[in-house]
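Data first, discussion second: the structure below is written as structure tokens.
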Number of protein chains: 2
Amino acid sequence: MDDDVPLILTLDDSGSSASAPLDDLDRDELPNENGGSYDIINDASSPAAGDCCAQQSSARHNWEMNYQEAAIYLQEGENNDKFFTHPKNAKALAAYLFAHNHLFYLMELSTALLLLLLSLCEAPAVPMLHLGIFVHATLELFALIVVVFELSMKMRWLGFQTFIRHKRTMVKTCVLFVQFIEAIVVLVRQTSHVRITRALRCIFLVDCRYCGAVRRNLRQIFQSLPPFIDILLLLLFFMVIFAILGFYLFSPNHSDPYFSTLENSLVNLFVLLTTSNFPDVMMPSYARNPWSCVFFIVYLSIELYFIMNLLLAVVFDTFNDIEKRKFKSLLLHKRTAIQHAYRLLITRQRPSGISFKHFEGLLRFYKPRMCARERYLTFKALNQSNTPLVSLKDFYNFYEVVGLKWKAKRNREHWFDDLPRTAFLIFKGINILVKSRVFQYTMYTVVAVNGIWILVETFMLQGGNFFSRNVPWSYIVFLTIYGVELLLKTTGLGPVEYLSSGWNLFDFSVTLFAFLGLMALAFDMEPFYFIVVLRPLQLLRLFKLKKRYRNVLDTMFELFPRMASLGLTLLIFYYCFAIVGMEFFAGVVYPNCCNTSTVADSYRWVNHTVGNKTVVEEGYYYLNNFDNILNSFVTLFELTVVNDWYIIMEGVTSQTTHWSRLYFMIFYIVTMVVMTIIVAFILDAFVFRMNYTRKNQDSEEDNGIVLEKEISKEEVVGIIELYKRSSAAAETAQLQKIVSQMDKYG
Amino acid sequence: MDDDVPLILTLDDSGSSASAPLDDLDRDELPNENGGSYDIINDASSPAAGDCCAQQSSARHNWEMNYQEAAIYLQEGENNDKFFTHPKNAKALAAYLFAHNHLFYLMELSTALLLLLLSLCEAPAVPMLHLGIFVHATLELFALIVVVFELSMKMRWLGFQTFIRHKRTMVKTCVLFVQFIEAIVVLVRQTSHVRITRALRCIFLVDCRYCGAVRRNLRQIFQSLPPFIDILLLLLFFMVIFAILGFYLFSPNHSDPYFSTLENSLVNLFVLLTTSNFPDVMMPSYARNPWSCVFFIVYLSIELYFIMNLLLAVVFDTFNDIEKRKFKSLLLHKRTAIQHAYRLLITRQRPSGISFKHFEGLLRFYKPRMCARERYLTFKALNQSNTPLVSLKDFYNFYEVVGLKWKAKRNREHWFDDLPRTAFLIFKGINILVKSRVFQYTMYTVVAVNGIWILVETFMLQGGNFFSRNVPWSYIVFLTIYGVELLLKTTGLGPVEYLSSGWNLFDFSVTLFAFLGLMALAFDMEPFYFIVVLRPLQLLRLFKLKKRYRNVLDTMFELFPRMASLGLTLLIFYYCFAIVGMEFFAGVVYPNCCNTSTVADSYRWVNHTVGNKTVVEEGYYYLNNFDNILNSFVTLFELTVVNDWYIIMEGVTSQTTHWSRLYFMIFYIVTMVVMTIIVAFILDAFVFRMNYTRKNQDSEEDNGIVLEKEISKEEVVGIIELYKRSSAAAETAQLQKIVSQMDKYG
């Protein structure tokens, strides 16, 4: 049951040398008996426990299974998967492993995307992408079959009981079923019926592993809903009261179309809430009696300036609260995961901690792409005590430490240190020049001058052919300066260090684009000309000068992933509404369609001749239609911005029924929820970040947290021995290289 | 130098009885030597310190001066006046007292209001209020002379040195000087010249004592400006870049008027930031190439949805920070004030605290309208220790304790307890009925039914004469029910208790108004009819049912004073802009004025005959003008709401110069600042309040802080003795009454 392999290092557990963690590099202890769900098959595969080698291999096998299960626990902890979905036996484990890798995830994602993209080609299709019914129905059926396959894999892993208890999966299954039937009906009938259920396709995307952030957003939105709805009711209540009031006050005025009936009154006050009909809705009554403006001012003050802000406040408050609680529960979940994993990694002989060997085994499953050096460093960073074992308390930091990026701290600063003396001096000079303040400020000045130049130059141009054949000399001058700067910086800092800064990367790409633009101009290629106008973006460099901007821009970049997920969430809502809109309103709006409505002007398209000239009078609003999914998206974006949205609403309403307004109003409310949450999120993240920087004001440069760990040569040699025995040739070679480097630089 | 009046109570300082604070009721100690700025005159007035009586009166006089100075210190602490404006000698004190009472404050306020209101009657006057130049110039001169008087009073108090160092006062003086000269010029020339300086009249209002909140708001706005401007620059930077980009992309399209020149491009992107030209600005390019919508979507996403929210975040953050710092500095200032006052109230003999006698003397000056009982209770509430003296540590709570409202805790619950048995039982029954849940929910149901009734009734009406002679029966039925409820509640709870609740007060006034409306209907008085439509407001009672609404509505009421001050601040900005607008744009806009501009339709007023009917085509926008100050305010409100504001801007611009746009843009930015701060304030206050209620969730009813103090009869008698000796007849009588009441109820 104990060490069968000869020990190289002493077994002195009390040793506190730097190489202490390597003490038990190659013991083959049996795993702790209370851990491991997959012991059964191990026991089955090695019933004869008498033979030393068999036992050892059985122990090793056992350990491998334990490593894997611990890694799964840690993954579940990281992904916030509940533990009741933890694979319970070897079969479930196989299914789990099958359903938890990037290949499977990618399949999930691409199926979902395919299903979503199908709406580009279905019935009211984008003209260029139109496909026959047979084609797109077959594609859909294929995608749905893939989803069925994915779901069956998931069921194999979860087991039937857990599967039907998992709400999201059950909803997905139902949607899948409906979609399946509908696709078959479409195939059989060879004609598309009204398929609003297509709006539910989003659930396939939401359920993807890669869309976890979207799922979280949706959950947060639904959790923020109750207080939101409460305040919304208050808002609507005031709206109804004012509608009644407005009806009584203004309907005697027959030149006022806005309050002629209670319905009109309500609709117009709803639109007024979005301010998009503002002075107009007031003008008829204002023209009759100037004091009627009081009604509108009071309404807007209460509804728009007070209750709407209250709405933001309530959502912000709820959001904050949910974030706090979520953080707590996530932390607890991770802790539980770590406890589970820990239980699987300690041995019966030494229950006080995890040795490096087992830790390394865990990491092999948890982060297969981590190199040996990093694994060891992670272990050392985790191990706060001087003992060779990582205790549970230390192991709690696992998630933080495993995310660290390790960088060798070299003695050599520059990439050109190895070059001959003369070259070294030249590069050193460039390096000093490039890092000097004078150089930086000169460049800022050049950028500023360039910016003003562009502004003045553009101001001088008066329409027409500004892309003449001869390239302006200023363009060449500035580009040359930028080119030289780029060259100097690259040589002075080395390409790797140069491109490691986001700002430099930005400079580089803008300059590259500008060069491309120059070439496009030189070769007279029209489609490339727009690159020229990217130049002013280079001025963003100027904002580096002030600390607040650096903060704000850094925050911008940090918020970007979360913002993107929020944007994706919004897009999912868009998709649902676009499908519904297309099913109901496709082809409804066209030039001169709404001549009976109050917004006829905006939909007009008249082509009349005045004298001998043809004058085209265009209202353009017929372009804001639901004729295909792309148009719908643009229309929905316009509805999100809410200005003049009532023109779109009234246009559609005049061609359909009064009830169409519900669609637009519900859309407004939904986007209001999402937008309010986006604002709340930005507020929250920004205030957090500002408080953070205020606390860390002393450290001017924000480098994140830096953790330094030294490794002695002895330790590396020790690790090599370990790997040699576990016959990981590639990693041994890598480590050998480090040793030789260490030898070289001492 | 010591007690010359015989003592009634023992001098036992270590006594811990409830009446301990009265121990030294009538010693005539001399004030502590290190306090008091006004000693000189006391010393001067009583040079002969030999006579016992003279000495006593001198001491008393001395004490009176000390009380007054301490009260002044405490006032300065409360009003956040700096101590260097503290009156330094007797003359300054007289001036201080002259300039610090409500009469003077009212004079200040009314002068400032008179000056502001003058703009109703000056040159572009409101038609009905037009006054001759001679009249309004004389009025102005009169008001300015009053301001001069006020300022000279202030100078007498501050002294010349402090006066010219006080920034706000100096600015006020300069403005006053300019206004004076201008008023005289107007009087002499008998014609109004361009008087933009009238916009500066606001400073007279801002400087009023009663407008302290506005001053604070303005300070906060100016303090929030630096970060605000930083982000604004970022916003403008992106705007310029997109303007250049847009110009290059869209100016080749000749049917696109929005990007024809760089100036147009910039202006339209600025307007786009407020979204008020949104789909329109996109439509010409969108019609030509559908992908051009990307430009607008990216622009709006960056500018509107990201940077504008960042702006809110930055302002919110700064606002929070300033609030915190302000709170700290206010607290420190109050503490210093309390220290100053304390130093003046302790005696040489007993420097460890303030006795009740001196505390009472202070309160006589600090809160003259406080009755004797409350003074004693305040003292008892302050005194945490059992000694008869209030130590400095206890005295630090002065501001909190002095604001408390004391209410006798009576044994009798109801107002009808003294009535004969039969009446008592009847009223008791009503009381129980009124307080029962059943009664409350019945009333809620009635209100809900009434609300739905009104809604349906109104929905049935189709325009025209809904105020017929015969009053609808439903109105009478519901009003009867409300009347009965009101009667029951008033008799059951007693009028005082009934009206002490804000909700009941609301019910009462709405019911009263409804009765008035009924009478108006009965007597056929047209102008009263609008009261009928107030009825639905009674539905607000329904919101009492849910806790969140109670919270929100309570928060609404609590925020109201601060919101009002913010509104006033906004009005001050409005005033400035209105004056400037009137001076430049009065009479510029009229029907059919802007036929050459792109917004001609909105200013059209055509009266043409189609067949035999006269059709009036009105654009109404000519009503949004700067022809007098009231019109200007309405126009500015429309600009604040920002929808379609570019129509007003373009109308004015087409009649004046391009530079007029600056006025509108600056106004937009200013209102944006104020609005953002209002939002930040609401957010901050609301989140604070929600966290507060979340902490105090256990106590369902929020009664504020309740502090109970008992007074024994002996203590009251003791105080009476004290007052008898200081010959305050009125207060003695009041206290005697309390004693007799105590005797009655035991």
Side-chain angles (χ1 to χ4, degrees), chain A residues 227 230-231 234 237 240-241 244-245 247-249 251 260-262 275-276 278-280 283-284 286-287 293 297 300 305 309-310 312-313 316-317 454-455 458-459 462-463 530 533 536-537 539 543 546 548-549 552 618 620-621 623-624 634 637-638 641-644 678-679 682-683 686-687 690, chain B residues 227 230-231 234 237 240-241 244-245 247-249 251 260-262 275-276 278-280 283-284 286-287 293 297 300 305 309-310 312-313 316-317 454-455 458-459 462-463 530 533 536-537 539 543 546 548-549 552 618 620-621 623-624 634 637-638 641-644 678-679 682-683 686-687 690:
Chain A
D230 284 348
I231 308 290
L234 197 68
F237 171 74
V240 170
I241 283 186
I244 296 174
L245 208 65
F247 172 69
Y248 278 115
L249 285 174
S251 64
S260 56
T261 65
L262 190 62
T275 74
S276 67
F278 177 50
D280 306 281
M283 290 337 269
Y286 185 56
C293 68
I297 291 174
L300 283 173
Y305 294 120
N309 288 334
L310 212 61
L312 176 63
F316 177 62
D317 184 59
I454 291 170
L455 201 65
T458 316
F459 194 74
Q462 289 303 333
F530 67 88
V533 291
L537 267 183
L539 283 174
F543 285 96
K546 196 159 177 179
R548 194 188 317 275
Y549 289 119
V552 166
E618 281 203 79
Y620 289 119
Y621 270 76
L623 290 169
N624 305 322
V634 174
F637 181 77
E638 286 166 10
V641 177
V642 300
N643 192 66
D644 283 353
I678 291 182
V679 175
I682 294 183
L683 271 180
F686 192 82
V687 169
M690 287 309 275
Chain B
D230 284 348
I231 308 290
L234 196 69
F237 171 74
V240 170
I241 284 186
I244 295 173
L245 207 66
F247 172 69
Y248 278 115
L249 285 174
S251 64
S260 56
T261 65
L262 190 62
T275 73
S276 67
F278 176 50
D280 306 281
M283 291 336 269
Y286 186 54
C293 67
I297 291 174
L300 282 174
Y305 294 120
N309 288 334
L310 212 61
L312 176 63
F316 177 63
D317 185 59
I454 291 169
L455 200 65
T458 316
F459 194 74
Q462 289 303 332
F530 67 88
V533 291
L537 267 183
L539 283 174
F543 286 96
K546 197 160 178 179
R548 194 190 313 278
Y549 289 119
V552 165
E618 283 204 78
Y620 289 119
Y621 269 77
L623 290 169
N624 304 322
V634 174
F637 181 76
E638 286 165 9
V641 177
V642 300
N643 193 66
D644 283 353
I678 290 182
V679 175
I682 294 183
L683 272 180
F686 192 82
V687 170
M690 287 309 276

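This structure is a prediction, so every number in the text was calculated from the model and none was measured. Numbers restart at 1 for each chain; the letters A, B, ... are given by sequence-line order, proteins then strands.
- For A:L300, the part sitting under 4.5 Å from any heavy atom of chain B is the side chain, from C-beta outward, and nothing else.
- When each of A:L455, A:V679, A:V641 is scored by its heavy-atom pairs under 4.5 Å with chain B, the top score falls to A:V641.
- Under the 4.5 Å side-chain criterion, counting only non-hydrogen atoms from C-beta, B:F686 is not in contact with A:L312.
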Original post:
Between A:D280 and B:Y621, is a side-chain contact (heavy atoms from CB on, under 4.5 Å) present by the stated rule, with each step listed?
Top reply: CA-CA 8 Å; A:D280 306 281; B:Y621 269 77; 3.2 Å; yes
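- Only the side chain of A:V240 comes within contact range of chain B, with heavy atoms under 4.5 Å apart.
- B:E638 approaches A:F278 most closely through the heavy-atom pair CG-CE2, 3.4 Å.
- Contact check for B:F237 versus A:Y549: no side-chain heavy atoms found under the 4.5 Å cut-off.
- Chain B forms the most heavy-atom pairs under 4.5 Å with one residue out of A:V642, A:I297, A:L310, and that residue is A:I297.
- In this structure, the separation between CG on B:N309 and CD1 on A:I678 is 8.5 Å, given to the nearest 0.5 Å.
- Contacts of B:Y305 with chain A are made by both backbone and side-chain atoms, with heavy-atom separations under 4.5 Å.
- A distance of 11.0 Å separates CG in A:L623 from SG in B:C293, rounded to the nearest 0.5 Å.
- Scanning for ring-ring contact (aromatic ring centres under 6.0 Å, His included) contacts around B:Y286 gives an empty result, with sequence neighbours left out.
- Contacts with chain B were tallied for A:L683, A:I682, A:N624, A:D230; A:D230 has the most, counting heavy-atom pairs under 4.5 Å.
- Here the side chains of B:T275 and A:D644 are not in contact, with every heavy-atom distance at 4.5 Å or above.
- Among residues two or more places apart in sequence or in another chain, the side-chain contact (heavy atoms from CB on, under 4.5 Å) test is passed with B:V687 by A:F316, A:D317, B:N691.
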